[in-house]
> 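This structure is in structure tokens; I'll ask about it shortly.
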Amino acid sequence: MNALDRVPDGTNPAVARVMDRLAGVAAQLAGRIARGGIDEHLGGAAGTNTDGDVQKALDVIADEAFMTALRKGDVRHYASEEQDGVVEMTAGGMLAVAIDPLDGSSNIDANVSIGTIFGIYPAADTPEGSFLRQGRDLLAAGYAIYGPQCVLMVSFGNGVIRYVLDPAEGRFRLIGTAAAIPADSTEYAINASNYRHWTKPIRAYVDDRVAGADGPAGMDFNMRWIASLVAETHRILTRGGIFLYPADSRTGYARGRLRYVYECAPIAFLIEQAGGRATDGENAILDALPDSLHGRTPFVFGSANKVARVAAYHDLPEAEISALFGMRGLFRA
Ligand SMILES: O=P(O)(O)OC[C@H]1O[C@](O)(COP(=O)(O)O)[C@@H](O)[C@@H]1O
Ligand SMILES: [Mg+2]
Ligand SMILES: [Mg+2]
């Protein structure tokens with residue numbers, strides 16, 4: 001290995017090689033991000049992608065860097081949030097990589113943690129076939145977070161392991177296995193400015209967190225929203241909690257905001273590998289089948305009991321979810 005100091009014994013060699021290339025690009029990006037504003041303006045507008053998202057300079061830089069590094073080798077198919085369709089790479093390659101090259105791009109200029117999310121599948125015979133499949137088929141997944149430290153969290157399907165970038169060496173050091181996500185937690189993350197657009201079960205769930213000790217949950221909660229999926233995931237892998245990006249009634253948000261192939265499936269894989277749960281509010285993300293490359297899905301993940309509780313709100317009778325929190329009886333402790 002080159003960019004990773006080691007991988008666990010028994011790792012599929014092709015998967016290890018691809019992981020090493022991803023890590024190599026992440027290490028370079030970390031250096032470039034750290035110099036942002038000196039040589040170049042990484043948060044400047046650079047165009048629009050298929051989804052109509054405004055691309056920042058760093059979105060394009062990161063996509064090109066990963067695509068170049070993976071082009072020759074084990075990767076047959078490359079699907080990126082920043083590309084219209086699947087890029088065909090090495091004809092005989094055994095693997096397919098799905099990637100969000102730069103996640104949390106609204107945070108670039110704010111100097112808040114951003115990241116890269118990726119998943120590695122066995123390549124299928126057709127470009128779409130490599131990605132329009134259940135997240136359960138992932139061989140490995142992970143993210144790099146460009147924060148106070150650059151950290152790489154990876155799963156090869158046997159727990160989650162943590163690497164930290166040694167900037168002096170430009171290599172990631174394996175630190176150890178991440179602890180299991182606590183099953184319970186009192187911290188939740190949701191963009192509450194969308195409250196009026198949510199469905200009734202999600203409103204009822206959040207109403208009851210806001211009501212805290214005075215509501216049916218009978219305890220106080222804390223809230224976070226970083227608007228950077230990698231940073232929210234990293235916090236939850238570190239100390240538990242729950243993240244929600246539900247569907248809402250705004251135009252274009254009928255399936256929420258986050259993309260199944262590039263964001264939700266890889267993160268769900270990591271979360272399950274760390275003992276947590278990841279659903280669309282009710283059903284496991286890894287069992288879902290995406291119907292398009294850029295397709296979105298509502299996404300709820302984190303501490304297992306908390307994610308189960310969100311599903312339970314979807315089963316409440318209409319009269320219960322419509323009741324003000326003070327009147328909601330079924331969940332009273
Ligand atoms: O701005 P909002 O609606 O709160 O959305 C924030 C979400 O959007 C994202 O930034 C989407 O990812 P991209 O930056 O890759 O488009 C997530 O990281 C984050 O969770
Ligand atoms: Mg993203
Ligand atoms: Mg992105």
Side-chain angles (χ1 to χ4, degrees), residues 22 25-26 29 33 42-67 78-84 97-119 141-147 153 188-198 202 206 223-237 241-268 270-271 278 280 285 293-302:
L22 291 165
V25 176
L29 284 177
I33 290 164
L42 296 171
T48 356
N49 65 18
T50 321
D51 287 344
D53 291 343
V54 174
Q55 289 173 308
K56 306 283 174 68
L58 190 55
D59 285 314
V60 177
I61 289 167
D63 183 43
E64 281 170 2
F66 284 109
M67 209 162 45
Y78 173 88
S80 162
E81 184 184 272
E82 303 306 336
Q83 299 287 331
D84 295 348
V97 170
I99 193 161
D100 177 355
L102 201 283
D103 175 67
S105 50
S106 71
N107 287 312
I108 298 170
D109 282 340
N111 197 15
V112 172
S113 294
I114 49 184
T116 297
I117 305 169
F118 53 83
Y143 63 81
I145 177 167
Y146 312 109
M153 299 293 276
Y188 67 99
I190 190 164
N191 185 341
S193 67
N194 298 320
Y195 179 92
R196 72 189 189 284
H197 305 296
W198 296 334
I202 297 294
V206 173
M223 202 200 84
R224 289 284 184 275
W225 187 251
I226 308 174
S228 189
L229 179 61
V230 280
E232 318 272 8
T233 306
H234 203 63
R235 185 188 63 251
I236 288 172
L237 280 173
I242 183 169
F243 170 100
L244 304 96
Y245 210 120
D248 67 54
S249 62
R250 287 174 296 164
T251 307
Y253 284 78
R255 305 272 308 147
R257 174 183 172 98
L258 301 171
R259 297 92 176 164
Y260 185 90
V261 170
Y262 316 111
E263 293 170 313
C264 305
I267 296 295
L270 287 175
I271 294 294
D280 61 3
I285 284 290
L293 214 46
H294 293 272
R296 295 166 195 249
T297 176
F299 196 26
V300 175
F301 70 87

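In listed order, ligands and their atoms are each counted from 1.
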> Is the closest side-chain donor-acceptor distance between Gln55 and Asn49 under 3.5 Å?
no
> With rounding to the nearest 0.5 angstrom, report the CG to CG distance, Asp84 to Leu293.
10.0 Å
> Which heavy atom of Ile145 sits nearest a heavy atom of Val230, and at what distance?
CD1-O, 4.2 Å
> Parallel under 30°, tilted from 30 to 60°, perpendicular over 60°: which one fits the rings of His234 and Tyr143?
perpendicular
> Please work out which of Gln55, Arg257, Glu82 has its closest non-hydrogen atom nearest to atom 11 (C) of ligand 1.
Arg257
> Can you tell me how far the CD1 atom of Ile267 sits from the CG atom of Asp103, to the nearest 0.5 Å?
7.5 Å
> To check your reading of the model: name the closest protein heavy atom to atom 4 (O) of ligand 1, its residue, and the distance in Å.
Asn191 ND2, 2.8 Å
> Record the part of Leu102 in heavy-atom contact with ligand 1 below 4.0 Å; permitted values are side chain, backbone, both and neither.
backbone
> Where is the nearest protein heavy atom to atom 3 (O) of ligand 1: which residue, which atom, and how far?
Tyr245 OH, 2.6 Å
> Check Ser228 against ligand 1 and report side chain, backbone, both or neither, counting heavy atoms closer than 4.0 Å.
backbone
> When you measure from the side chain of Asp100 to the backbone of Glu263, do you find a donor-acceptor pair of N or O atoms at a distance under 3.5 Å?
no
> Check for me whether Ala227 has a heavy atom closer than 4.0 Å to any atom of ligand 1.
yes
> Could you list the residues that satisfy salt bridge (Lys or Arg N to Asp or Glu O under 4.0 Å) with Glu81, not counting sequence neighbours?
Arg259
> Taking 4.0 Å as the limit for heavy-atom contacts, which would you say applies to Glu232 with ligand 1: side chain only, backbone only, both, or neither?
neither
> Of the protein's non-hydrogen atoms, which lies at the shortest distance from atom 14 (O) of ligand 1, and what is that distance?
Gly104 N, 2.8 Å
> Please state which option from Thr116, Asp103, Ile267 has its nearest heavy atom closest to atom 12 (O) of ligand 1.
Asp103
> Closest approach of Ile285 and Pro298, non-hydrogen atoms and distance?
CD1-O, 3.8 Å
> Can you figure out which of Ile114, Asp100, Asp248, Asp59 has its heavy atom closest to atom 15 (O) of ligand 1?
Asp100
> Verify the ring-centre separation between Phe301 and Phe243: is it less than 6.0 angstrom?
yes
> What are the two closest non-hydrogen atoms of Thr116 and Pro101, and how far apart are they?
OG1-O, 2.7 Å
> State, to 0.1 Å, how close Ile114 and Gly104 come at their nearest heavy-atom pair, and which atoms those are.
CG2-O, 3.3 Å
> Strictly under 2.8 Å of the Mg ion (ligand 2): which protein N/O/S atoms qualify?
Asp100 OD2, Asp103 OD1, Glu263 OE2
> Hey, is ligand 1 close enough to Trp225 that some N/O pair sits below 3.5 Å?
yes
> To check your reading of the model: name the closest protein heavy atom to atom 20 (O) of ligand 1, its residue, and the distance in Å.
Leu229 N, 3.6 Å
> If you measure every N/O of Ser105 against every N/O of ligand 1, is any gap under 3.5 Å?
yes
> Any idea which protein heavy atom is nearest atom 16 (O) of ligand 1, and the distance to it?
Arg259 NH1, 3.4 Å
> Keeping the roles fixed (side chain from Asp63, backbone from Gln83), state whether a donor-acceptor pair exists under 3.5 Å.
no
> Closest heavy-atom contact between Asn191 and Ser193?
OD1-OG, 2.6 Å
